[in-house]
J.: 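After the structure tokens below, expect a handful of questions from me.
All chains are named by letter (A, B, ...) in the order of the sequence lines, taking the proteins before the strands, and each is independently numbered beginning at 1. Side-chain atoms are counted along with the backbone in the values below, which use heavy atoms only and exclude waters and symmetry mates. Being a predicted model, the structure only gives us computed values, none of them experimental.
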Amino acid sequence: MPEPLIKAENIKKYFPVKKGLIGGTEYVRAVDDVSLEIGEETITALVGESGSGKTTLGRIMAGIWMPTSGRVLYRGIDIHRDGMKREVRHRIQMIFQNPDSSLNPRMKILDILGEAITEAEPGIKKDELIERATKLLEEVNLHPDHLYKYPHELSGGEKQRVAIARAIALEPEFIVADEPVSALDISIRAQIINLLARIQREHGIAILYIAHDLRTVWNISDYVAVMYLGKIMEYGPTEEVFKNTGHPYTATLLSTAPLLPEEFRKHSLKPIGEPPSLINPPKGCRFHTRCPLAREECREVDMKLIEIGREHYTACPFWR
Amino acid sequence: MPLLEVRNLKVYYDLPQGTVKAVDGVSFSLEKGEILGVAGESGSGKSTLAHSIIGLVKPPGRVVDGEIIFEGRNLLELSEEELREIRGKDITMVFQDPNTYLNPVLRIGIQVGEVYEAHLGIEPRKAIDKVVDLLRKVRLTDPERRVESYPHELSGGMKQRVMISMAIALKPKLIILDEPTSALDVTIQAEIMELLMEMRDELGAAMIFISHDLELLGQVSDRLMIMYGGRLVEIGETEEIFRDPLHPYTEALINAIKYVRKEELPTLEGEPPSLLKPPPGCRFHPRCPKRMDRCSLVEPGEYMVGGRRVSCLLYEEEGDA
């Protein structure tokens, strides 16, 4: 891979939780020593179930949350330590699952986009601003009439288009998209995914696409990182991960997708039981308590990512 | 005689802005032990349909017209008391979010035990052995300990197992499942589905399985019904519908669940219709890639094509109304 655009190094994020009335503090280890690189103009999917830490990692890489330790470098600049300089802040944007909580309900779309436009270009004239906002709406296939509407007058898909328009207003190089289509109806999802793919191509943006839906991951991502209980289990080029799956957990995820093309359905693995707690995650491999192929060693050995192919890594030394 | 027959059901909601025709003239039947998948997007009327079968439509909603015949009796003509007798015993329901239905301050054992009290008159405390057996049956780990737990001590998947235990406790003839796994993670979802199918085989209960997830319905349902804007658009054998969808909307849904690599995904332009002011003619016509001039003028009837019933003017000639 060429020099990455964004580099997350040994990220840990621990959230304190009080232990009863007198007992001290315990920590939820949402992200536990994760490194991830994202190249320019590539789409990396971050896949995992709830509690995997994917949203936490995404927010840290977007500069919204501070990591407990570790750092995120954007073109060599530590985005958290250097106080998120303006030019860095503009280059990194985020799109959320629920546009209702990210779009101010009391602002018209023009003002929502206007905020971002003036942020990029303070002192811009009103008519120029309207022109820019209109262009942004065109880019996301929305009629200019929408400029004078409030978010509640828009459908879920339209609101997500506005969120995308706002994100690209600042001409970012990197967008974290956290489950941007999960809340939408099936017939609307494809529209938004196609839009994201087009915006990515036309603007040369790198995207961290956080999702649990393998269908959209297969469609738009170049790379996939699979997370489980705060750790990355597998990482690699999307086709590699689907075709030459390197981790039993990835295989269990693929096993839940019956319509996946035949060539990727080589495995039929089912995980055992319920995911364990993040407060006291299992020792050894995090997945061993649910892994149908777990061996004795898996309870003890702390798994490191090992290379099993070109740019393809797994945290399971025993699989395959 | 089918187990359940729904005829021309209409359920409307009276809102200040007008009348929402959530279910607008839907008919179908269900055989004993059969699984009918009901697919549709939000606002298609699929959940309202489910609620109306067990008499859970609350004002401002009301059943305007139609019949719901269960084992020969029209449920819409029964008293609340007679209905309560059937609901929870012969017809049960599993909802998407167990949190809405589990009482947070009651221990699991008591809540599940209440099912026996309500229908068999057994005091919950005396039913505890039965409850433990039942929880074991839905493979809740450590059932002896779990009867003492409160709902918040259980994960989402475990709570859904508890809901399922209540739904199967009295060996129902019909279980209505409203997005039972949509709030769960995919691996847990797969386990719950496996459990449901096992329970079906054991009880021989019929199921109405409501979901927006066509891929899931494709795996489990014998027949499939697709709804759009409060209307039935197509109903038939699941396999046949997947192989050769007749209605353009069904076709779009089937296309939407295919895996496509690095190409534009097939899309359906536009948004689902407003049920306050549904489009004239066919409700799908503004989004339909195959629309004809007449589609905005004429409401399509329902036509039989092979073993399938489809509501689209394309089949007006071919099918028998």
J.: Which distance, rounded to the nearest 0.5 Å, do you find between the CZ of A:Arg189 and the CD1 of B:Ile257?
T.: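 If I round to the nearest 0.5 Å, the distance is 11.5 Å.
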J.: Would you say CD of B:Glu153 has more than 12 non-hydrogen atoms from neighbouring residues, nucleotides or ligands within 6.0 angstrom?
T.: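 Check passes, neighbour count above 12.
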J.: Out of A:Pro275, A:Ser187, A:Ser255, A:Pro271, which one racks up the most heavy-atom pairs below 4.5 Å with chain B?
T.: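 Top option by heavy-atom pairs under 4.5 Å: A:Ser187.
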J.: How far apart are the C-alpha atoms of B:Glu215 and A:Arg215, what are their side-chain angles, what is the distance that settles it, and do they pass the salt bridge (Lys or Arg N to Asp or Glu O under 4.0 Å) test?
T.: CA-CA 11 Å; B:Glu215 191 171 14; A:Arg215 193 175 295 114; 2.3 Å; yes
J.: Can B:Arg261 and A:Thr238 be said to form a side-chain contact (heavy atoms from CB on, under 4.5 Å), step by step?
T.: CA-CA 10 Å; B:Arg261 174 81 182 138; A:Thr238 303; 3.6 Å; yes
J.: Between A:Glu49 and B:Thr187, is there a side-chain donor-acceptor contact under 3.5 Å, judged purely by atom types and distance?
T.: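 Their side chains do contain a donor-acceptor pair, which is all the 3.5 Å distance test asks for.
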J.: Among B:Asp185, B:Val186, B:Leu216, B:Ile188, find the one that has a side chain to side chain contact (heavy atoms under 4.5 Å, CB included) with A:Thr256.
T.: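 The passing option is B:Val186.
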J.: Taking all non-hydrogen atoms of both residues, which atom of B:Tyr259 and which atom of A:Leu260 are closest, and how far apart?
T.: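 Closest approach of B:Tyr259 to A:Leu260: CE2-CD1, 3.1 Å.
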J.: With a 4.5 Å cut-off on heavy-atom pairs, point out which of A:Gly157, A:Gly51, A:Ala190 contacts chain B the most.
T.: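 Looking at each of A:Gly157, A:Gly51, A:Ala190 in turn, A:Ala190 comes out on top.
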J.: At their closest point, which heavy atom of B:Glu191 faces which heavy atom of A:Gly273, and how far apart are they?
T.: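 So the two residues come closest at OE2-O, 3.3 Å.
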J.: Indicate whether the side chain of B:Thr267 and that of A:Gln191 have a donor and an acceptor atom separated by less than 3.5 Å.
T.: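 No, no side-chain donor-acceptor contact under 3.5 Å.
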J.: Check each atom of B:Pro266 against the heavy atoms of chain A and say whether the ones under 4.5 Å are side chain, backbone, both or neither.
T.: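 The answer is the backbone of B:Pro266.
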J.: Non-hydrogen atoms of chain A under 4.5 Å away: do they reach the side chain of B:Arg139, the backbone, both or neither?
T.: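 It is neither, since no heavy atom gets under 4.5 Å.
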J.: Decide side-chain contact (heavy atoms from CB on, under 4.5 Å) for B:Glu264 and A:Ile193; before the verdict, give the C-alpha distance in whole Å, the side-chain angles of both, and the deciding distance to 0.1 Å.
T.: CA-CA 8 Å; B:Glu264 280 220 344; A:Ile193 289 294; over 6 Å; no
J.: When rounded to the nearest 0.5 angstrom, what is the spacing between CG in A:Asp185 and CG in B:Leu253?
T.: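 Between atom CG of A:Asp185 and atom CG of B:Leu253 there are 9.5 Å.
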J.: Does some side-chain heavy atom of B:Lys262 sit less than 4.5 Å from a side-chain heavy atom of A:Asp222?
T.: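 A side-chain contact under 4.5 Å exists here.
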J.: Which of the residues A:Ile188, A:Thr216, A:Leu253, A:Thr252 is involved in the greatest number of heavy-atom pairs with chain B at under 4.5 angstrom?
T.: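 The answer is A:Ile188.
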J.: Nearest 0.5 Å please: distance from the CG atom of B:Leu265 over to the CG atom of A:Leu195.
T.: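 Those atoms lie 12.0 Å apart.
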J.: Heavy-atom count check: over 12 atoms from other residues, nucleotides or ligands less than 6.0 Å from A:Arg198 CZ?
T.: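 More than 12 within 6.0 Å, yes.
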J.: Given a strict heavy-atom distance threshold of 4.5 Å, which part of B:Ala256 is in contact with chain A: side chain, backbone, both, or neither?
T.: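 Contact with chain A involves both backbone and side-chain atoms of B:Ala256.
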J.: Tell me, side chain or backbone of B:Glu271 under 4.5 Å from chain A's heavy atoms, or both, or neither?
T.: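 Both the backbone and the side chain of B:Glu271 come within 4.5 Å of chain A.
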J.: Answer with side chain, backbone, both or neither: which region of B:Met193 has an atom nearer than 4.5 Å to a non-hydrogen atom of chain A?
T.: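 The answer is neither part of B:Met193.
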J.: Check this for me: does any side-chain nitrogen of one of B:Glu194 and A:Lys270 sit under 4.0 Å from a carboxylate oxygen of the other?
T.: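 Salt bridge flag = yes for A:Lys270 with B:Glu194.
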